[in-house]
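Encoded as structure tokens, the structure appears first; notes follow it.
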Amino acid sequence: MKIELESLSDTTLFAEKLWPLLPSRCLIFLEGDLGAGKTTLVRSLLQSAGHQGKVKSPTYTLVEEYDLNAQKIFHFDLYRINDPEELEFMGIRDYMDTDAMCFVEWAERGESLLPPPHFILNLKVYAEKRLLTISHNTHKEIYLNWKNKDLLL
Ligand SMILES: Nc1ncnc2c1ncn2[C@@H]1O[C@H](COP(=O)(O)OP(=O)(O)OP(=O)(O)O)[C@@H](O)[C@H]1O
Ligand SMILES: [Mg+2]
């Protein structure tokens, strides 16, 4: 499923549609180059969920944690990971094992230490726009259901 996000307001609109369709426990990888819009999309999703405060990039902290109406959300950015072992030290599996939504930027740096994601959101920059491709790894039924619900803008 491919969706064109022509502007930040498209990202906001898309996040408002996607948020209610996400399972309360899921692992989502955000792929794309530096500046592709991964953090921006997670920020929009959190705002759709009613988060009022800041959403800062976890580039330096590795993980930012949110608690919204009893829904736990972890937002990871593994860009600065040099060795997947660093993830063992932070107890990455413990995060993944909790009843939470986990969003992961730069998951490829975590290599085999991460379980396979349920969904992948891939962002590509072209002109001033973003092309978002959604795919599923597991959870095919949910993904197909999304298509029916029309996530297109
Ligand atoms: N749909 C969009 N339309 C226009 N600009 C966008 C869109 N999405 C994001 N941007 C802009 O792209 C820039 C980079 O976004 P962002 O920080 O989310 O990228 P990132 O993929 O998280 O990068 P990094 O890999 O460095 O963490 C920001 O200035 C943001 O406003
Ligand atoms: Mg980012």
Side-chain angles (χ1 to χ4, degrees), residues 1-23 25-68 71-96 98 100-137 143 146-147 149-153:
M1 192 181 345
K2 290 186 193 295
I3 294 163
E4 228 177 68
L5 305 173
E6 289 193 20
S7 61
L8 288 175
S9 56
D10 273 2
T11 301
T12 304
L13 200 63
F14 170 75
E16 282 167 3
K17 289 185 169 205
L18 181 63
W19 174 258
L21 306 180
L22 290 178
R25 179 177 183 162
C26 59
L27 174 60
I28 298 178
F29 287 178
L30 293 115
E31 298 177 343
D33 292 340
L34 283 171
K38 303 179 291 297
T39 299
T40 304
L41 181 52
V42 174
R43 181 177 297 122
S44 297
L45 285 166
L46 283 160
Q47 286 166 348
S48 304
H51 178 66
Q52 306 258 325
K54 279 197 164 187
V55 176
K56 59 174 192 161
S57 173
T59 314
Y60 295 98
T61 50
L62 281 183
V63 60
E64 292 290 330
E65 185 176 337
Y66 304 88
D67 208 335
L68 290 172
Q71 169 70 60
K72 273 238 177 287
I73 299 160
F74 297 112
H75 179 197
F76 296 87
D77 183 338
L78 307 184
Y79 187 72
R80 290 165 61 88
I81 292 281
N82 295 311
D83 183 338
E85 268 198 18
E86 289 173 41
L87 293 178
E88 297 255 50
F89 289 128
M90 76 181 285
I92 191 105
R93 282 177 199 277
D94 295 340
Y95 285 100
M96 308 275 149
T98 56
M101 272 185 202
C102 293
F103 295 98
V104 188
E105 298 183 38
W106 296 104
E108 53 269 46
R109 310 261 163 147
E111 284 178 28
S112 55
L113 281 180
L114 297 177
H118 300 111
F119 307 106
I120 299 170
L121 303 175
N122 180 287
L123 284 154
K124 282 198 175 66
V125 181
Y126 76 105
E128 293 295 300
K129 308 175 189 175
R130 304 292 189 277
L131 184 66
L132 171 69
T133 308
I134 311 176
S135 50
H136 68 89
N137 208 331
Y143 174 81
W146 290 353
K147 281 196 158 176
K149 290 197 181 184
D150 192 8
L151 275 171
L152 300 176
L153 301 177

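Numbering of ligands and ligand atoms starts at 1, following listing order. Side chains included, hydrogens not; waters and symmetry mates left out as well; all remaining heavy atoms used.
By the 6.0 Å and 45° rule, R80 does not stack over the aromatic ring of Y60.
Looking only at distances, a side-chain donor or acceptor of E86 sits under 3.5 Å from a matching main-chain atom of N82. Between the R130 side chain and the L123 main chain, no donor and acceptor come within less than 3.5 Å of each other.
Residues satisfying the salt bridge (charged side-chain N to carboxylate O under 4.0 Å, His left out) test with K147, not counting sequence neighbours, are none. Taking the side-chain hydrogen bond (donor to acceptor under 3.5 Å, both in side chains) definition, one finds that Y126 meets it with E4, sequence neighbours left out.
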Just the distances, no angles: every ligand 1 N or O to protein N or O pair closer than 3.5 Å, one line each.
unit_1	atom_1	unit_2	atom_2	d
ligand 1	1 (N)	S7	O	3.3
ligand 1	1 (N)	T11	OG1	2.8
ligand 1	10 (N)	R130	NH2	3.2
ligand 1	12 (O)	R130	NH2	2.8
ligand 1	15 (O)	T40	OG1	3.4
ligand 1	18 (O)	T39	N	3.3
ligand 1	18 (O)	T40	N	2.8
ligand 1	18 (O)	T40	OG1	2.5
ligand 1	19 (O)	G37	N	3.1
ligand 1	21 (O)	A36	N	3.2
ligand 1	21 (O)	G37	N	2.9
ligand 1	21 (O)	K38	N	2.8
ligand 1	21 (O)	K38	NZ	2.7
ligand 1	22 (O)	T39	N	2.8
ligand 1	22 (O)	T39	OG1	2.8
ligand 1	22 (O)	E105	OE1	3.2
ligand 1	23 (O)	G35	N	2.9
ligand 1	25 (O)	K38	NZ	2.7
ligand 1	25 (O)	W106	NE1	2.9
ligand 1	27 (O)	E105	OE1	3.1

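Side chain to side chain, T39 and E105 meet the donor-acceptor criterion of an N or O pair below 3.5 Å.
Excluding water, every protein N/O/S atom under 2.8 Å from the Mg ion (ligand 2) is given here by residue and atom: T39 OG1, E105 OE1.
Aromatic ring centres of Y66 and H75 lie farther apart than the 6.0 Å criterion allows.
Between C102 and F74, the closest side-chain pair of non-hydrogen atoms falls below 4.5 Å.
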**Study point:** E64 and K56: CA distance, side-chain angles, deciding distance, side-chain contact (heavy atoms from CB on, under 4.5 Å) verdict
**Key:** CA-CA 8 Å; E64 292 290 330; K56 59 174 192 161; 3.1 Å; yes
